[in-house]
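What you are looking at is a predicted structure, and each value in this text was computed from that prediction instead of being measured.
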Amino acid sequence: MASVLLLTRALTPSSSVLPGLELLSHHIKVMTPEPTALITAPAADVIFVDGRTDLPAVRSLCRLLETTGNTTPLILITTEGGLAGVNHEWGLTDVILDSASPAEIEARVRLAVGRQQIEVAAAAYGEIRAGDLAIDENSYSAKLRGRTLDLTFKEFELLKFLAQHPGRVFSREHLLQEVWGYDYFGGTRTVDVHVRRLRAKLGPDNEALIGTVRNVGYRYVSTPVSDRESAEVHV
């Protein structure tokens, strides 16, 4: 039995949002998707977000959860028509239709929780996984789809830090402090240079794993896209 947090504005939450969920034995906690309320939200194994209406607002909520460092699996509930508006930038673990059967809901919860447990176990052994990227802190090595990346120490540290917080945006100043340390007197240009080198070593098909948030900084994008510009967020 899993602990499920359902974020919705519906008046009759689980019965109308995802009817099949009520037929399962999971412990369900329902909350409105207000940022202030989420601060005191109870711990959960899976978070379901009601995305049947007002997709722009739901998208903002999902991205807010991602940028605040949420590591709980996030599953979007939507209609068949809403699927067209969902992409990797939402920071979702999975998507499910509101008409899903109890068996499908159970399977998706089980898979999401299982993946999370694998990531936690890997982290305990010094391994970081973010999408197709695997980082071994013990051997200072990084592999992308099984291909070992030839990285310098600072390139490794920069990639590791970004991959530890997938989707979260960091300014150049923040990255400089975290990777180079407070006693480093170089400018933020150093971050840009190392990002360029990292992208070159990731290769043309994977350089978008390190996304640029214009006028802000950089983030790790778990799902690469073919066109790097599509990974940018204009602010």
Exercise for the section: Is it possible for you to say whether L111 and F48 belong to one hydrophobic cluster, with membership spreading through side-chain heavy-atom contacts below 4.5 Å? Expected result: no
Problem - Verify same cluster id: L144, Y140 (apolar side-chain graph, 4.5 Å) - result: yes
Write down the atom of [X], the atom of [Y], and the distance for their closest heavy-atom approach.
X	Y	value
T93	P73	OG1-CA, 3.3 Å
L23	P102	CD1-CG, 3.7 Å
P33	L61	CB-CD2, 3.3 Å
K201	R147	O-NH1, 3.4 Å
G20	I105	C-CD1, 3.5 Å
A142	I135	CB-CG1, 4.1 Å

Practice task
Give the C-alpha distance, both sets of side-chain angles, the deciding distance and a yes or no for side-chain contact (heavy atoms from CB on, under 4.5 Å) between H27 and V4.
Solution key: CA-CA 6 Å; H27 176 69; V4 175; over 6 Å; no
Exercise for the section: With side-chain contact (heavy atoms from CB on, under 4.5 Å) as the test, would you mind laying out the steps for I210 and L202 before giving the verdict? Expected result: CA-CA 9 Å; I210 302 179; L202 290 170; 4.1 Å; yes
Side-chain heavy-atom pair [X], [Y] within 4.5 angstrom cut-off:
X	Y	value
C62	L92	yes
L133	L149	yes
T78	R52	no
L6	I77	yes
S171	H174	yes
R196	V193	yes
Y218	L158	no
E104	I96	yes

Completion exercise
Given the options I47, V95, V46, L74 meets side chain to side chain contact (heavy atoms under 4.5 Å, CB included) only with I47
[atom1] of [X] to [atom2] of [Y]: how many Å apart, nearest 0.5 Å?
X	Y	atom1	atom2	result
L97	T79	CG	OG1	7.5 Å
L162	Y220	CG	OH	9.5 Å
D136	I128	CG	CD1	9.0 Å
E34	T32	CD	OG1	5.0 Å
D45	M1	CG	CE	9.5 Å
L209	R219	CG	CZ	11.5 Å

Please check this pair: side chain of [X] against backbone of [Y], looking for a donor-acceptor N/O pair closer than 3.5 Å.
X	Y	result
H26	A2	yes
R115	R110	no
T8	A10	yes
E155	T152	yes

Exercise for the section: Scan side-chain atoms only and decide if N206 and R199 contain a donor-acceptor pair under the 3.5 Å cut-off. Expected result: no
Handout entry: Worked check of side-chain contact (heavy atoms from CB on, under 4.5 Å) between L175 and R172
Key = CA-CA 5 Å; L175 291 172; R172 291 166 176 81; 5.7 Å; no
Exercise for the section: Output yes when K160 and E157 qualify as a salt bridge under the 4.0 Å nitrogen-oxygen rule, no when they do not. Expected result: yes
Practice task
Considering only NZ, NE, NH1 and NH2 on the basic side and carboxylate oxygens on the acidic side, decide whether D50 and R9 come within less than 4.0 Å.
Solution key: no
Handout entry: Criterion side-chain contact (heavy atoms from CB on, under 4.5 Å) on V49 and I75, from CA distance to verdict
Key = CA-CA 6 Å; V49 180; I75 302 178; over 6 Å; no
Problem - Residue K154 excluded, over 12 heavy atoms near NZ under 6.0 Å - result: yes
Exercise for the section: Measure the acute angle between the ring planes of H194 and W180, then classify it against the limits of 30° and 60° as parallel, tilted or perpendicular. Expected result: perpendicular
Exercise for the section: Would you please classify the geometry between the H165 ring and the F161 ring as parallel, tilted or perpendicular, with 30° and 60° separating the classes? Expected result: tilted
